[in-house]
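The next block holds one structure in the form of structure tokens; read it before the comments.
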Number of protein chains: 2
Amino acid sequence: MEKQSATQIFESLSSGVRLDVFRLLVKQGLDGMVAGEIASTLEVPPTNLSFHLKALTQAHLVTVEQEGRFQRYRANIPLMLDLIAYLTDECCAGHPEQCADLRGASSCCESVLPPISIVHDQA
Amino acid sequence: MEKQSATQIFESLSSGVRLDVFRLLVKQGLDGMVAGEIASTLEVPPTNLSFHLKALTQAHLVTVEQEGRFQRYRANIPLMLDLIAYLTDECCAGHPEQCADLRGASSCCESVLPPISIVHDQA
DNA sequence: GCAATAATACAACTATTGTTGAAATATTAA
DNA sequence: TTAATATTTCAACAATAGTTGTATTATTGC
């Protein structure tokens with residue numbers, strides 16, 4: 001990932017409204033939500049939501065698909081994971097014992113599948 | 001993690017200078033770096049670096065320790081991991097098959113240890 | 001103590017971002 | 001086709017963030 005992409009994504013997550021929107025869409029998964037649903041769920045004026053959705057879309061952190069007169073937004077989960085990889089890239093280089101802290105730091109689908117953890121593959 | 005903490009951390013990573021600083025410190029691990037080293041490595045004026053280090057410190061994403069007349073900065077790796085957990089919390093709820101995308105998205109210490117991957121624990 | 005060094009605080013200015021209401025665009029339903 | 005609905009664009013303003021030079025604080029070495 002390029003630095004400029006990363007800063008744009010972090011910028012797009014640095015507002016409370018946009019973070020709420022993104023996390024809401026992460027929860028919705030492939031279903032996504034249309035703009036009006038997001039606005040009413042989060043109680044944000046449509047004009048303001050549109051502004052924030054544009055920022056998220058330009059950062060490619062959400063995708064948008066036209067659906068009749070609705071716009072359906074979805075979280076771009078793979079990009080989120082690329083960002084995480086970028087952030088943790090080369091962490092603790094030369095001091096692998098520090099990586100012990102990494103165990104169990106992430107969670108996904110914990111309500112459906114057994115909890116995940118980050119582990120070092122056995123060579 | 002509280003929303004305000006998360007937005008402050010994302011904000012602190014949304015500038016190119018601060019992202020460079022944080023990633024540099026992540027690579028240094030427990031050794032950290034003193035402010036002057038960071039400034040000369042990244043070729044940022046000391047005054048400007050100080051401004052950005054303050055933002056990172058206030059977000060608790062870096063820690064600072066006085067060392068004689070130097071200030072030693074270190075990345076707060078556990079907080080970074082808390083942030084990742086916050087971001088991925090409840091992802092794809094109800095649609096676990098989407099989590100396949102999560103595999104291998106993060107990396108840590110790949111130059112020292114075998115590569116890591118994110119896996120679902122076996123119940 | 002005194003000069004040199006490391007780093008931060010302050011002040012001024014510039015630039016960017018956030019919010020809102022009103023207007024515009026595009027789609028659906030009748 | 002016409003009215004209603006969903007969403008975005010635009011313009012104006014308010015608020016916040018970024019950069020730089022200068023001054024200040026604190027520590028070290030002589």
Side-chain angles (χ1 to χ4, degrees), chain A residues 3-25 28 31-76, chain B residues 3-25 28 31-76:
Chain A
K3 181 169 87 175
Q4 199 191 331
S5 303
T7 55
Q8 191 178 14
I9 296 168
F10 286 127
E11 158 64 28
S12 78
L13 293 170
S14 70
S15 113
V17 173
R18 291 194 296 266
L19 184 56
D20 283 344
V21 169
F22 181 71
R23 277 163 49 86
L24 180 59
L25 291 175
Q28 299 303 312
D31 293 342
M33 285 177 88
V34 301
E37 285 180 296
I38 300 171
S40 57
T41 301
L42 300 179
E43 295 180 27
V44 175
T47 304
N48 191 15
L49 179 68
S50 187
F51 169 82
H52 290 298
L53 283 171
K54 188 178 177 186
L56 285 163
T57 305
Q58 284 177 344
H60 302 106
L61 202 50
V62 307
T63 61
V64 61
E65 184 187 11
Q66 184 145 9
E67 200 176 284
R69 73 180 116 171
F70 303 89
Q71 300 287 326
R72 183 164 297 273
Y73 287 91
R74 294 185 179 86
N76 184 348
Chain B
K3 182 169 85 174
Q4 199 190 332
S5 303
T7 56
Q8 190 178 16
I9 295 169
F10 286 126
E11 155 64 28
S12 78
L13 292 171
S14 71
S15 113
V17 173
R18 291 195 294 266
L19 185 55
D20 284 342
V21 169
F22 182 69
R23 276 164 48 87
L24 181 59
L25 291 176
Q28 298 303 312
D31 292 342
M33 284 177 89
V34 301
E37 284 181 298
I38 300 171
S40 57
T41 300
L42 300 179
E43 296 180 29
V44 176
T47 305
N48 191 13
L49 179 67
S50 189
F51 170 81
H52 290 298
L53 282 171
K54 188 178 175 185
L56 285 163
T57 305
Q58 284 177 346
H60 301 108
L61 202 50
V62 306
T63 61
V64 59
E65 182 187 13
Q66 183 145 8
E67 199 176 283
R69 73 178 116 173
F70 303 89
Q71 301 285 326
R72 183 164 296 272
Y73 286 90
R74 294 185 179 87
N76 184 348

CZ (Phe51(B)) and CG (Leu56(B)) are apart, to the nearest 0.5 Å, by 10.5 Å
Under 4.0 Å, heavy atoms only, any strand: does Val17(B) hit a base, just the sugar-phosphate, or nothing?
nothing
Taking atom CD of Gln4(A) as the centre, does the number of heavy atoms from other residues, nucleotides or ligands within less than 6.0 Å exceed 12?
no
Quick one: list whatever passes side-chain hydrogen bond (donor to acceptor under 3.5 Å, both in side chains) with Glu11(B), sequence neighbours left out.
Arg18(B)
Tyr73(B) side chain N/O closer than 4.0 Å to the phosphate oxygens (OP1, OP2) of dA6(C)?
no
Write down the distance between CZ (Phe10(B)) and C1' (dT17(C)), rounded to a whole number of angstrom.
18 Å
Return the set of residues passing side chain to side chain contact (heavy atoms under 4.5 Å, CB included) with Ser50(A) (not counting sequence neighbours), or none when no residue passes.
none
Rounded to the nearest 0.5 Å, what separates atom CD in Gln71(A) from atom CD in Gln66(A)?
4.5 Å
What residues from residues 41-53 of chain B pass a heavy-atom cutoff of under 4.0 Å to DNA chain C?
Pro46(B), Thr47(B), Ser50(B)
Positions of residues 56-72 of chain B (non-hydrogen atom under 4.0 Å from DNA chain C), listed by number:
Arg69(B), Phe70(B), Gln71(B)
Let me know the distance between NZ of Lys54(B) and C1' of dG18(D), rounded to the nearest Å.
13 Å
Specify the closest pair of heavy atoms between Leu13(B) and Phe10(A), including all atoms of both residues, with the distance to one decimal.
O-CD1, 3.3 Å
Which residues pass the side-chain hydrogen bond (donor to acceptor under 3.5 Å, both in side chains) test with Asp20(B), sequence neighbours left out?
Lys3(A)
Not counting sequence neighbours, which residues clear side-chain hydrogen bond (donor to acceptor under 3.5 Å, both in side chains) with Glu65(B)? List them please.
Arg74(B)
